[in-house]
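Here is the structure we will look at.
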Number of protein chains: 2
Amino acid sequence: MKSDDTPAVATEPEASTPPRRRKAHIRHSNEAHLLACAEAVFAERGLDGASTAMIAERAGLPKANLHYYFPTKLDLYRRVLEDVFEEWHRAADTFESSDDPADAIAGYVRAKMALSRRRPLGSKVWANEIIHGATHMQDILTDRVKPWMETRITMIDDWIERGLLARVDARTFLFTIWALTQHFADFDAQIQALAGKRALSKKAFEATTEEVVALVLRACGASPVDAGDASGAVADSGTRRD
Amino acid sequence: MKSDDTPAVATEPEASTPPRRRKAHIRHSNEAHLLACAEAVFAERGLDGASTAMIAERAGLPKANLHYYFPTKLDLYRRVLEDVFEEWHRAADTFESSDDPADAIAGYVRAKMALSRRRPLGSKVWANEIIHGATHMQDILTDRVKPWMETRITMIDDWIERGLLARVDARTFLFTIWALTQHFADFDAQIQALAGKRALSKKAFEATTEEVVALVLRACGASPVDAGDASGAVADSGTRRD
DNA sequence: GTCTATATGTTGATAGAC
DNA sequence: GTCTATCAACATATAGAC
(Lines give C-alpha, C1' and ligand atoms only; values in the text may rest on other atoms or scores of the structure.)
Protein backbone atom coordinates (compact mmCIF):
# COMPACT_ATOMS: atom_id res chain seq x y z
CA MET A 1 0.00 0.00 0.00
CA LYS A 2 2.70 2.50 0.97
CA SER A 3 5.24 0.61 -1.16
CA ASP A 4 7.90 2.93 -2.50
CA ASP A 5 8.88 0.56 -5.25
CA THR A 6 6.01 -1.45 -6.65
CA PRO A 7 7.17 -3.13 -9.87
CA ALA A 8 3.62 -3.84 -11.09
CA VAL A 9 4.62 -5.16 -14.49
CA ALA A 10 1.51 -6.16 -16.38
CA THR A 11 1.97 -9.26 -18.53
CA GLU A 12 5.13 -8.68 -20.60
CA PRO A 13 4.71 -8.82 -24.38
CA GLU A 14 5.81 -12.08 -26.00
CA ALA A 15 9.22 -12.03 -27.67
CA SER A 16 8.09 -13.06 -31.15
CA THR A 17 5.18 -10.64 -31.47
CA PRO A 18 5.36 -8.56 -34.68
CA PRO A 19 6.08 -4.83 -34.11
CA ARG A 20 2.57 -3.54 -34.87
CA ARG A 21 0.89 -6.01 -32.62
CA ARG A 22 3.50 -5.52 -29.95
CA LYS A 23 2.84 -1.80 -29.74
CA ALA A 24 -0.87 -2.41 -29.68
CA HIS A 25 -0.29 -4.95 -26.95
CA ILE A 26 1.77 -2.50 -24.92
CA ARG A 27 -0.96 0.07 -25.18
CA HIS A 28 -3.64 -2.41 -24.24
CA SER A 29 -1.70 -3.84 -21.36
CA ASN A 30 -0.69 -0.47 -19.94
CA GLU A 31 -4.21 0.88 -20.25
CA ALA A 32 -5.65 -2.14 -18.48
CA HIS A 33 -3.05 -1.91 -15.74
CA LEU A 34 -3.65 1.80 -15.26
CA LEU A 35 -7.40 1.23 -15.17
CA ALA A 36 -7.02 -1.37 -12.43
CA CYS A 37 -4.78 0.91 -10.37
CA ALA A 38 -7.07 3.86 -10.94
CA GLU A 39 -10.05 1.84 -9.75
CA ALA A 40 -8.24 1.11 -6.51
CA VAL A 41 -7.16 4.68 -5.87
CA PHE A 42 -10.54 6.16 -6.84
CA ALA A 43 -12.21 3.67 -4.51
CA GLU A 44 -9.92 4.55 -1.62
CA ARG A 45 -9.90 8.31 -2.08
CA GLY A 46 -12.66 9.40 -4.44
CA LEU A 47 -12.31 11.39 -7.63
CA ASP A 48 -10.93 14.51 -5.96
CA GLY A 49 -8.90 12.68 -3.36
CA ALA A 50 -7.13 10.60 -5.95
CA SER A 51 -4.26 12.28 -7.75
CA THR A 52 -2.84 11.20 -11.08
CA ALA A 53 0.52 11.00 -9.31
CA MET A 54 -0.83 8.40 -6.86
CA ILE A 55 -2.34 6.33 -9.65
CA ALA A 56 0.82 6.50 -11.72
CA GLU A 57 2.97 5.58 -8.74
CA ARG A 58 0.81 2.57 -7.96
CA ALA A 59 1.06 1.53 -11.59
CA GLY A 60 4.83 1.91 -11.50
CA LEU A 61 4.78 4.45 -14.31
CA PRO A 62 5.76 8.10 -14.51
CA LYS A 63 2.85 10.50 -14.28
CA ALA A 64 3.40 11.80 -17.81
CA ASN A 65 2.90 8.28 -19.09
CA LEU A 66 -0.52 8.12 -17.51
CA HIS A 67 -1.48 11.34 -19.30
CA TYR A 68 -0.20 9.84 -22.54
CA TYR A 69 -2.81 7.06 -22.30
CA PHE A 70 -5.56 9.04 -20.62
CA PRO A 71 -5.40 12.75 -21.51
CA THR A 72 -7.26 13.92 -18.42
CA LYS A 73 -8.04 12.48 -15.01
CA LEU A 74 -11.71 12.63 -15.87
CA ASP A 75 -11.19 10.47 -18.96
CA LEU A 76 -9.60 7.83 -16.79
CA TYR A 77 -12.37 8.11 -14.22
CA ARG A 78 -15.05 7.72 -16.87
CA ARG A 79 -13.39 4.61 -18.24
CA VAL A 80 -13.33 3.08 -14.76
CA LEU A 81 -17.03 3.81 -14.31
CA GLU A 82 -17.85 2.27 -17.67
CA ASP A 83 -15.84 -0.84 -16.87
CA VAL A 84 -17.64 -1.24 -13.57
CA PHE A 85 -20.98 -0.84 -15.28
CA GLU A 86 -20.16 -3.48 -17.91
CA GLU A 87 -19.40 -6.05 -15.24
CA TRP A 88 -22.54 -5.12 -13.32
CA HIS A 89 -24.50 -5.52 -16.53
CA ARG A 90 -23.16 -9.02 -17.12
CA ALA A 91 -24.16 -10.05 -13.60
CA ALA A 92 -27.60 -8.55 -14.20
CA ASP A 93 -28.31 -11.10 -16.92
CA THR A 94 -28.79 -13.67 -14.19
CA PHE A 95 -32.20 -12.19 -13.64
CA GLU A 96 -33.43 -13.89 -16.79
CA SER A 97 -31.98 -17.30 -15.99
CA SER A 98 -35.36 -18.65 -14.90
CA ASP A 99 -39.05 -17.85 -15.12
CA ASP A 100 -39.45 -18.99 -11.53
CA PRO A 101 -39.22 -15.84 -9.38
CA ALA A 102 -37.48 -17.54 -6.47
CA ASP A 103 -34.92 -19.03 -8.84
CA ALA A 104 -34.32 -15.85 -10.77
CA ILE A 105 -34.16 -13.58 -7.73
CA ALA A 106 -31.94 -15.90 -5.73
CA GLY A 107 -29.62 -16.24 -8.69
CA TYR A 108 -29.42 -12.49 -9.14
CA VAL A 109 -28.73 -11.87 -5.47
CA ARG A 110 -25.98 -14.48 -5.51
CA ALA A 111 -24.44 -12.96 -8.64
CA LYS A 112 -24.50 -9.49 -7.08
CA MET A 113 -22.99 -10.77 -3.83
CA ALA A 114 -20.26 -12.57 -5.75
CA LEU A 115 -19.52 -9.34 -7.58
CA SER A 116 -19.32 -7.45 -4.27
CA ARG A 117 -16.84 -10.05 -3.12
CA ARG A 118 -14.76 -10.18 -6.26
CA ARG A 119 -14.67 -6.51 -7.15
CA PRO A 120 -15.49 -4.37 -4.13
CA LEU A 121 -13.37 -1.48 -5.37
CA GLY A 122 -15.49 -1.02 -8.47
CA SER A 123 -18.62 -0.97 -6.37
CA LYS A 124 -17.09 1.71 -4.19
CA VAL A 125 -16.20 3.94 -7.11
CA TRP A 126 -19.76 3.59 -8.37
CA ALA A 127 -21.26 4.32 -4.96
CA ASN A 128 -19.00 7.29 -4.42
CA GLU A 129 -19.98 8.78 -7.74
CA ILE A 130 -23.70 8.42 -7.02
CA ILE A 131 -23.39 9.88 -3.54
CA HIS A 132 -21.82 12.97 -5.04
CA GLY A 133 -24.62 13.47 -7.52
CA ALA A 134 -23.79 11.01 -10.32
CA THR A 135 -22.80 13.97 -12.50
CA HIS A 136 -20.29 11.92 -14.48
CA MET A 137 -22.57 8.99 -15.21
CA GLN A 138 -25.98 10.42 -15.98
CA ASP A 139 -25.76 8.95 -19.48
CA ILE A 140 -24.98 5.46 -18.16
CA LEU A 141 -27.93 5.62 -15.78
CA THR A 142 -30.34 6.97 -18.38
CA ASP A 143 -29.24 5.01 -21.46
CA ARG A 144 -28.20 1.71 -19.93
CA VAL A 145 -29.45 1.13 -16.39
CA LYS A 146 -32.92 2.61 -16.79
CA PRO A 147 -33.97 0.48 -19.79
CA TRP A 148 -32.70 -2.61 -17.98
CA MET A 149 -34.72 -1.68 -14.93
CA GLU A 150 -37.93 -1.09 -16.88
CA THR A 151 -37.91 -4.59 -18.34
CA ARG A 152 -37.26 -6.16 -14.93
CA ILE A 153 -40.11 -4.14 -13.42
CA THR A 154 -42.42 -5.57 -16.07
CA MET A 155 -41.14 -9.04 -15.22
CA ILE A 156 -41.72 -8.59 -11.49
CA ASP A 157 -45.17 -7.09 -11.98
CA ASP A 158 -46.05 -10.06 -14.11
CA TRP A 159 -44.96 -12.45 -11.36
CA ILE A 160 -47.11 -10.53 -8.90
CA GLU A 161 -50.17 -10.75 -11.12
CA ARG A 162 -49.67 -14.47 -11.48
CA GLY A 163 -49.64 -14.69 -7.70
CA LEU A 164 -46.04 -15.82 -7.47
CA LEU A 165 -44.85 -12.82 -5.49
CA ALA A 166 -46.16 -10.55 -2.76
CA ARG A 167 -47.52 -7.20 -3.91
CA VAL A 168 -44.20 -5.36 -3.69
CA ASP A 169 -43.36 -2.15 -5.48
CA ALA A 170 -41.04 -3.54 -8.11
CA ARG A 171 -38.76 -0.51 -8.24
CA THR A 172 -38.33 -0.36 -4.48
CA PHE A 173 -37.69 -4.08 -4.46
CA LEU A 174 -34.89 -3.76 -7.01
CA PHE A 175 -33.38 -0.93 -4.97
CA THR A 176 -33.59 -3.26 -1.98
CA ILE A 177 -31.50 -5.90 -3.73
CA TRP A 178 -28.91 -3.35 -4.85
CA ALA A 179 -28.70 -1.64 -1.48
CA LEU A 180 -28.28 -4.90 0.36
CA THR A 181 -25.81 -6.65 -1.91
CA GLN A 182 -23.64 -3.60 -2.53
CA HIS A 183 -23.59 -2.79 1.16
CA PHE A 184 -21.16 -5.66 1.70
CA ALA A 185 -18.70 -4.11 -0.73
CA ASP A 186 -19.18 -0.41 -0.06
CA PHE A 187 -19.46 -0.52 3.73
CA ASP A 188 -16.94 -3.26 4.46
CA ALA A 189 -14.91 -0.89 6.64
CA GLN A 190 -17.93 -0.47 8.93
CA ILE A 191 -18.74 -4.17 8.86
CA GLN A 192 -15.20 -5.04 9.84
CA ALA A 193 -15.11 -2.43 12.60
CA LEU A 194 -18.40 -3.69 14.05
CA ALA A 195 -17.70 -7.38 13.65
CA GLY A 196 -14.21 -6.89 15.08
CA LYS A 197 -12.68 -8.90 12.29
CA ARG A 198 -10.13 -8.10 9.63
CA ALA A 199 -12.13 -9.37 6.69
CA LEU A 200 -14.81 -11.94 5.94
CA SER A 201 -13.40 -15.34 4.98
CA LYS A 202 -14.65 -17.03 1.85
CA LYS A 203 -16.79 -19.35 3.92
CA ALA A 204 -18.23 -16.56 6.05
CA PHE A 205 -19.05 -14.57 2.95
CA GLU A 206 -20.88 -17.52 1.44
CA ALA A 207 -22.90 -17.93 4.62
CA THR A 208 -23.76 -14.24 4.56
CA THR A 209 -24.76 -14.58 0.92
CA GLU A 210 -27.26 -17.32 1.73
CA GLU A 211 -28.54 -15.26 4.63
CA VAL A 212 -29.14 -12.35 2.27
CA VAL A 213 -30.80 -14.62 -0.28
CA ALA A 214 -33.17 -15.86 2.41
CA LEU A 215 -33.96 -12.34 3.59
CA VAL A 216 -34.70 -11.13 0.07
CA LEU A 217 -36.85 -14.14 -0.83
CA ARG A 218 -38.93 -13.73 2.31
CA ALA A 219 -39.17 -9.99 1.73
CA CYS A 220 -40.80 -10.48 -1.66
CA GLY A 221 -42.87 -13.45 -0.60
CA ALA A 222 -41.17 -15.95 -2.89
CA SER A 223 -40.66 -19.38 -1.41
CA PRO A 224 -37.08 -20.59 -0.93
CA VAL A 225 -35.53 -22.41 -3.88
CA ASP A 226 -33.87 -25.17 -1.94
CA ALA A 227 -34.83 -25.73 1.68
CA GLY A 228 -31.68 -25.25 3.75
CA ASP A 229 -31.50 -26.32 7.41
CA ALA A 230 -33.90 -23.69 8.72
CA SER A 231 -33.52 -20.76 6.40
CA GLY A 232 -36.97 -19.73 5.22
CA ALA A 233 -39.24 -20.67 8.06
CA VAL A 234 -40.46 -18.68 11.03
CA ALA A 235 -39.47 -20.66 14.08
CA ASP A 236 -42.77 -22.19 15.15
CA SER A 237 -45.49 -19.60 15.65
CA GLY A 238 -45.97 -18.98 11.93
CA THR A 239 -47.64 -15.72 10.96
CA ARG A 240 -48.27 -14.23 14.36
CA ARG A 241 -51.26 -12.07 15.27
CA ASP A 242 -51.72 -9.97 18.36
CA MET B 1 -26.13 27.11 -5.23
CA LYS B 2 -23.72 29.12 -7.36
CA SER B 3 -24.77 32.31 -5.59
CA ASP B 4 -22.01 34.86 -5.51
CA ASP B 5 -23.61 36.68 -2.63
CA THR B 6 -25.32 34.39 -0.16
CA PRO B 7 -26.21 36.39 2.94
CA ALA B 8 -26.75 33.34 5.13
CA VAL B 9 -27.16 35.21 8.38
CA ALA B 10 -27.84 32.73 11.13
CA THR B 11 -30.22 34.07 13.77
CA GLU B 12 -28.97 37.54 14.70
CA PRO B 13 -28.10 38.13 18.35
CA GLU B 14 -30.78 39.91 20.37
CA ALA B 15 -30.19 43.63 20.94
CA SER B 16 -30.26 43.55 24.74
CA THR B 17 -27.94 40.60 25.21
CA PRO B 18 -25.07 41.34 27.63
CA PRO B 19 -21.60 41.47 25.98
CA ARG B 20 -20.33 38.16 27.35
CA ARG B 21 -23.37 36.24 26.29
CA ARG B 22 -23.45 38.01 22.98
CA LYS B 23 -19.93 36.93 22.10
CA ALA B 24 -20.71 33.41 23.16
CA HIS B 25 -23.83 33.57 21.06
CA ILE B 26 -21.90 34.77 18.03
CA ARG B 27 -19.48 31.90 18.39
CA HIS B 28 -22.22 29.36 18.82
CA SER B 29 -24.26 30.67 15.95
CA ASN B 30 -21.32 30.92 13.56
CA GLU B 31 -20.12 27.46 14.45
CA ALA B 32 -23.55 25.98 13.89
CA HIS B 33 -23.91 27.78 10.59
CA LEU B 34 -20.49 26.66 9.42
CA LEU B 35 -21.23 23.09 10.46
CA ALA B 36 -24.42 23.08 8.42
CA CYS B 37 -22.67 24.49 5.36
CA ALA B 38 -19.76 22.10 5.81
CA GLU B 39 -22.14 19.15 5.97
CA ALA B 40 -23.61 20.17 2.63
CA VAL B 41 -20.28 20.68 0.90
CA PHE B 42 -18.76 17.50 2.35
CA ALA B 43 -21.83 15.59 1.18
CA GLU B 44 -21.63 17.00 -2.32
CA ARG B 45 -17.88 16.72 -2.79
CA GLY B 46 -16.35 14.53 -0.11
CA LEU B 47 -13.56 15.41 2.31
CA ASP B 48 -10.94 16.00 -0.37
CA GLY B 49 -13.29 17.53 -2.91
CA ALA B 50 -14.57 20.08 -0.44
CA SER B 51 -12.32 23.09 0.07
CA THR B 52 -12.44 25.38 3.06
CA ALA B 53 -12.94 28.22 0.59
CA MET B 54 -16.13 26.62 -0.74
CA ILE B 55 -17.50 26.06 2.74
CA ALA B 56 -16.65 29.59 3.83
CA GLU B 57 -18.20 31.05 0.69
CA ARG B 58 -21.41 29.12 1.23
CA ALA B 59 -21.48 30.35 4.81
CA GLY B 60 -20.94 33.92 3.65
CA LEU B 61 -17.77 34.27 5.68
CA PRO B 62 -14.13 34.82 4.74
CA LYS B 63 -12.02 31.71 4.75
CA ALA B 64 -9.82 32.95 7.57
CA ASN B 65 -12.91 33.18 9.73
CA LEU B 66 -13.64 29.52 9.21
CA HIS B 67 -10.12 28.67 10.35
CA TYR B 68 -10.66 30.85 13.39
CA TYR B 69 -13.53 28.61 14.54
CA PHE B 70 -12.19 25.32 13.22
CA PRO B 71 -8.37 25.30 13.12
CA THR B 72 -8.13 22.60 10.47
CA LYS B 73 -10.45 21.19 7.83
CA LEU B 74 -10.24 17.85 9.58
CA ASP B 75 -11.51 19.35 12.83
CA LEU B 76 -14.53 20.65 11.00
CA TYR B 77 -15.04 17.31 9.27
CA ARG B 78 -14.85 15.42 12.54
CA ARG B 79 -17.44 17.67 14.11
CA VAL B 80 -19.81 17.06 11.21
CA LEU B 81 -19.37 13.30 11.59
CA GLU B 82 -20.02 13.48 15.33
CA ASP B 83 -23.16 15.56 14.78
CA VAL B 84 -24.46 13.05 12.26
CA PHE B 85 -23.77 10.21 14.64
CA GLU B 86 -25.60 11.91 17.51
CA GLU B 87 -28.75 12.27 15.43
CA TRP B 88 -28.46 8.68 14.24
CA HIS B 89 -28.11 7.61 17.84
CA ARG B 90 -31.29 9.42 18.87
CA ALA B 91 -33.21 7.71 16.09
CA ALA B 92 -31.77 4.38 17.18
CA ASP B 93 -33.55 4.62 20.52
CA THR B 94 -36.75 3.77 18.69
CA PHE B 95 -35.61 0.20 18.72
CA GLU B 96 -36.48 -0.06 22.38
CA SER B 97 -39.93 1.52 22.08
CA SER B 98 -41.66 -1.86 22.26
CA ASP B 99 -41.00 -5.45 23.21
CA ASP B 100 -43.05 -6.58 20.24
CA PRO B 101 -40.57 -7.18 17.43
CA ALA B 102 -42.89 -6.05 14.64
CA ASP B 103 -43.60 -2.83 16.56
CA ALA B 104 -39.99 -2.14 17.45
CA ILE B 105 -38.57 -2.96 14.03
CA ALA B 106 -41.24 -1.05 12.13
CA GLY B 107 -40.69 1.94 14.38
CA TYR B 108 -36.96 1.83 13.87
CA VAL B 109 -37.26 1.55 10.10
CA ARG B 110 -39.68 4.50 10.05
CA ALA B 111 -37.32 6.57 12.21
CA LYS B 112 -34.38 5.76 9.95
CA MET B 113 -36.38 6.56 6.82
CA ALA B 114 -37.52 9.86 8.34
CA LEU B 115 -33.89 10.67 9.08
CA SER B 116 -32.92 9.86 5.50
CA ARG B 117 -35.62 12.25 4.37
CA ARG B 118 -34.85 15.05 6.81
CA ARG B 119 -31.06 14.94 6.74
CA PRO B 120 -29.82 13.20 3.60
CA LEU B 121 -26.62 15.23 3.54
CA GLY B 122 -25.47 13.89 6.88
CA SER B 123 -26.11 10.36 5.73
CA LYS B 124 -24.01 11.00 2.64
CA VAL B 125 -21.06 12.34 4.61
CA TRP B 126 -21.23 9.24 6.79
CA ALA B 127 -21.47 6.88 3.82
CA ASN B 128 -18.65 8.62 2.03
CA GLU B 129 -16.40 8.32 5.04
CA ILE B 130 -17.08 4.60 5.40
CA ILE B 131 -16.55 3.91 1.70
CA HIS B 132 -13.12 5.46 1.95
CA GLY B 133 -12.13 3.31 4.88
CA ALA B 134 -13.73 5.04 7.89
CA THR B 135 -10.28 6.21 8.96
CA HIS B 136 -11.64 9.33 10.66
CA MET B 137 -14.36 7.59 12.62
CA GLN B 138 -12.93 4.34 13.89
CA ASP B 139 -13.45 5.56 17.46
CA ILE B 140 -17.11 6.36 16.86
CA LEU B 141 -17.69 2.93 15.35
CA THR B 142 -15.83 1.08 18.09
CA ASP B 143 -16.87 3.10 21.15
CA ARG B 144 -20.42 4.07 20.24
CA VAL B 145 -21.94 2.08 17.40
CA LYS B 146 -20.56 -1.32 18.31
CA PRO B 147 -21.90 -1.39 21.89
CA TRP B 148 -25.28 -0.27 20.62
CA MET B 149 -25.25 -3.05 18.07
CA GLU B 150 -24.33 -5.75 20.56
CA THR B 151 -27.32 -5.00 22.78
CA ARG B 152 -29.69 -5.04 19.79
CA ILE B 153 -28.26 -8.36 18.64
CA THR B 154 -29.06 -9.81 22.06
CA MET B 155 -32.56 -8.40 21.75
CA ILE B 156 -33.13 -9.90 18.30
CA ASP B 157 -31.69 -13.28 19.30
CA ASP B 158 -34.07 -13.29 22.23
CA TRP B 159 -37.03 -12.64 19.94
CA ILE B 160 -35.91 -15.49 17.73
CA GLU B 161 -35.68 -17.89 20.65
CA ARG B 162 -39.18 -16.93 21.75
CA GLY B 163 -40.35 -17.79 18.23
CA LEU B 164 -41.36 -14.25 17.38
CA LEU B 165 -38.91 -13.90 14.48
CA ALA B 166 -37.46 -16.05 11.74
CA ARG B 167 -33.98 -17.44 12.36
CA VAL B 168 -32.14 -14.49 10.86
CA ASP B 169 -28.54 -13.61 11.57
CA ALA B 170 -29.08 -10.58 13.77
CA ARG B 171 -26.02 -8.69 12.57
CA THR B 172 -26.83 -9.18 8.91
CA PHE B 173 -30.41 -8.18 9.61
CA LEU B 174 -29.31 -4.90 11.20
CA PHE B 175 -27.05 -4.24 8.22
CA THR B 176 -30.07 -4.90 6.03
CA ILE B 177 -32.07 -2.19 7.76
CA TRP B 178 -29.22 0.29 7.52
CA ALA B 179 -28.43 -0.48 3.92
CA LEU B 180 -32.03 -0.17 2.87
CA THR B 181 -33.03 2.95 4.76
CA GLN B 182 -29.83 4.86 4.07
CA HIS B 183 -29.99 3.94 0.40
CA PHE B 184 -32.80 6.45 -0.04
CA ALA B 185 -30.58 9.25 1.22
CA ASP B 186 -27.20 8.24 -0.18
CA PHE B 187 -28.30 7.08 -3.62
CA ASP B 188 -31.03 9.61 -4.30
CA ALA B 189 -29.23 10.81 -7.43
CA GLN B 190 -29.54 7.30 -8.89
CA ILE B 191 -33.12 6.92 -7.73
CA GLN B 192 -34.07 10.21 -9.35
CA ALA B 193 -32.25 9.36 -12.58
CA LEU B 194 -33.98 5.97 -12.79
CA ALA B 195 -37.42 7.14 -11.73
CA GLY B 196 -37.16 10.11 -14.06
CA LYS B 197 -38.33 12.47 -11.37
CA ARG B 198 -36.79 15.51 -9.76
CA ALA B 199 -37.29 14.40 -6.17
CA LEU B 200 -39.65 12.27 -4.17
CA SER B 201 -42.66 14.20 -2.82
CA LYS B 202 -43.52 13.91 0.83
CA LYS B 203 -46.43 11.62 0.00
CA ALA B 204 -44.31 9.42 -2.29
CA PHE B 205 -41.63 9.15 0.36
CA GLU B 206 -44.19 8.07 2.95
CA ALA B 207 -45.48 5.41 0.59
CA THR B 208 -41.93 4.19 0.01
CA THR B 209 -41.37 4.14 3.75
CA GLU B 210 -44.34 1.83 4.29
CA GLU B 211 -43.15 -0.33 1.41
CA VAL B 212 -39.76 -0.65 3.07
CA VAL B 213 -41.36 -1.40 6.44
CA ALA B 214 -43.37 -4.20 4.83
CA LEU B 215 -40.30 -5.62 3.09
CA VAL B 216 -38.26 -5.62 6.28
CA LEU B 217 -41.02 -7.16 8.40
CA ARG B 218 -41.53 -9.96 5.90
CA ALA B 219 -37.78 -10.45 5.60
CA CYS B 220 -37.44 -11.15 9.31
CA GLY B 221 -40.69 -13.08 9.56
CA ALA B 222 -42.42 -10.62 11.89
CA SER B 223 -46.09 -10.11 11.20
CA PRO B 224 -47.25 -6.64 10.13
CA VAL B 225 -48.19 -4.25 12.91
CA ASP B 226 -51.29 -2.79 11.31
CA ALA B 227 -52.80 -4.49 8.29
CA GLY B 228 -52.75 -1.96 5.47
CA ASP B 229 -54.70 -2.47 2.21
CA ALA B 230 -52.54 -5.33 0.97
CA SER B 231 -49.16 -4.69 2.48
CA GLY B 232 -48.02 -7.86 4.15
CA ALA B 233 -49.84 -10.59 2.32
CA VAL B 234 -48.76 -12.71 -0.59
CA ALA B 235 -51.34 -12.22 -3.31
CA ASP B 236 -53.37 -15.41 -3.10
CA SER B 237 -51.22 -18.49 -3.41
CA GLY B 238 -49.70 -18.16 0.03
CA THR B 239 -46.34 -19.81 0.57
CA ARG B 240 -45.80 -21.39 -2.77
CA ARG B 241 -44.05 -24.71 -3.34
CA ASP B 242 -42.87 -26.18 -6.61
C1' DG C 1 6.23 4.83 -26.28
C1' DT C 2 9.10 6.77 -22.12
C1' DC C 3 10.21 10.18 -18.84
C1' DT C 4 12.53 14.68 -16.72
C1' DA C 5 11.48 19.23 -16.05
C1' DT C 6 8.27 22.65 -15.67
C1' DA C 7 4.21 25.83 -16.45
C1' DT C 8 0.07 27.25 -14.24
C1' DG C 9 -3.38 27.00 -11.00
C1' DT C 10 -5.51 25.74 -6.43
C1' DT C 11 -5.14 24.15 -1.84
C1' DG C 12 -4.94 24.50 3.49
C1' DA C 13 -3.40 27.44 6.65
C1' DT C 14 -1.44 31.87 8.76
C1' DA C 15 0.15 36.79 9.62
C1' DG C 16 -1.17 40.76 11.15
C1' DA C 17 -3.95 45.24 10.48
C1' DC C 18 -8.46 46.51 12.00
C1' DG D 1 -14.15 38.58 16.42
C1' DT D 2 -13.25 40.05 11.28
C1' DC D 3 -10.83 39.93 7.06
C1' DT D 4 -7.02 41.11 3.32
C1' DA D 5 -2.83 39.50 1.76
C1' DT D 6 0.20 35.92 1.38
C1' DC D 7 2.87 31.41 1.60
C1' DA D 8 4.48 26.79 0.88
C1' DA D 9 2.75 22.60 -0.85
C1' DC D 10 0.61 20.14 -4.12
C1' DA D 11 -2.62 19.63 -8.11
C1' DT D 12 -3.29 18.75 -13.35
C1' DA D 13 -1.37 18.87 -17.47
C1' DT D 14 2.32 19.63 -21.05
C1' DA D 15 6.92 20.39 -23.49
C1' DG D 16 10.33 18.29 -25.54
C1' DA D 17 14.70 15.32 -25.26
C1' DC D 18 15.32 10.48 -25.70
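First the proteins, then the strands, lettered A, B, ... as listed; each starts at 1.
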Mind running ring pair (Phe, Tyr, Trp, His ring centres under 6.0 Å) on A/Trp178 and A/Trp88 for me, showing each step along the way?
-> CA-CA 11 Å; A/Trp178 294 352; A/Trp88 175 89; 5.7 Å; yes

Tell me what B/Ala56 touches on the nucleic acid: a base, only sugar-phosphate, or nothing, going by heavy atoms under 4.0 Å.
-> nothing

Expressed in angstrom and rounded to an integer, what is the separation of [X] atom [atom1] from [N] atom [atom2]?
X	N	atom1	atom2	value
B/Lys63	D/dT2	NZ	P	17 Å
A/Asp75	D/dT12	CG	P	13 Å
A/Asp48	D/dA11	CG	P	12 Å
B/Arg27	D/dT2	CZ	P	9 Å
B/Leu74	C/dA13	CG	C1'	14 Å
B/Tyr68	C/dT14	OH	P	14 Å
A/Phe70	D/dA13	CZ	P	13 Å
A/Glu57	C/dT2	CD	P	18 Å

Looking at A/Tyr108, is A/Arg152 sitting on its ring face, NZ or CZ under 6.0 Å from the six-membered ring centre and within 45 degrees of the normal?
->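 No cation-pi geometry.
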
Looking at A/Asp139 and A/Arg78, does any basic side-chain N land under 4.0 Å from a carboxylate oxygen?
->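 Counted as a salt bridge, because a side-chain N and a carboxylate O are separated by less than 4.0 Å.
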
A/His132 and A/Asp48: CA distance, side-chain angles, deciding distance, side-chain hydrogen bond (donor to acceptor under 3.5 Å, both in side chains) verdict | CA-CA 11 Å; A/His132 297 136; A/Asp48 292 297; over 6 Å; no

I want to verify a distance call: between [options], whose nearest atom is closest to the [X] side chain?
X	options	result
B/Ala64	D/dT12, C/dT2, C/dA15	C/dA15
A/Asn65	C/dT2, D/dA11, C/dG12	C/dT2
A/His67	C/dG12, D/dT14, C/dG1	D/dT14

So does A/Tyr69 get a side-chain nitrogen or oxygen closer than 4.0 Å to the phosphate oxygens (OP1/OP2) of C/dT2?
-> yes

Short side-chain N/O contact from A/Asn30 to OP1 or OP2 of C/dT2, under 4.0 Å =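 Yes, A/Asn30 has a side-chain N/O under 4.0 Å of OP1/OP2 on C/dT2.
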
Side chains of B/Glu129 and B/Met137: does their closest heavy-atom pair fall under 4.5 Å?
-> yes

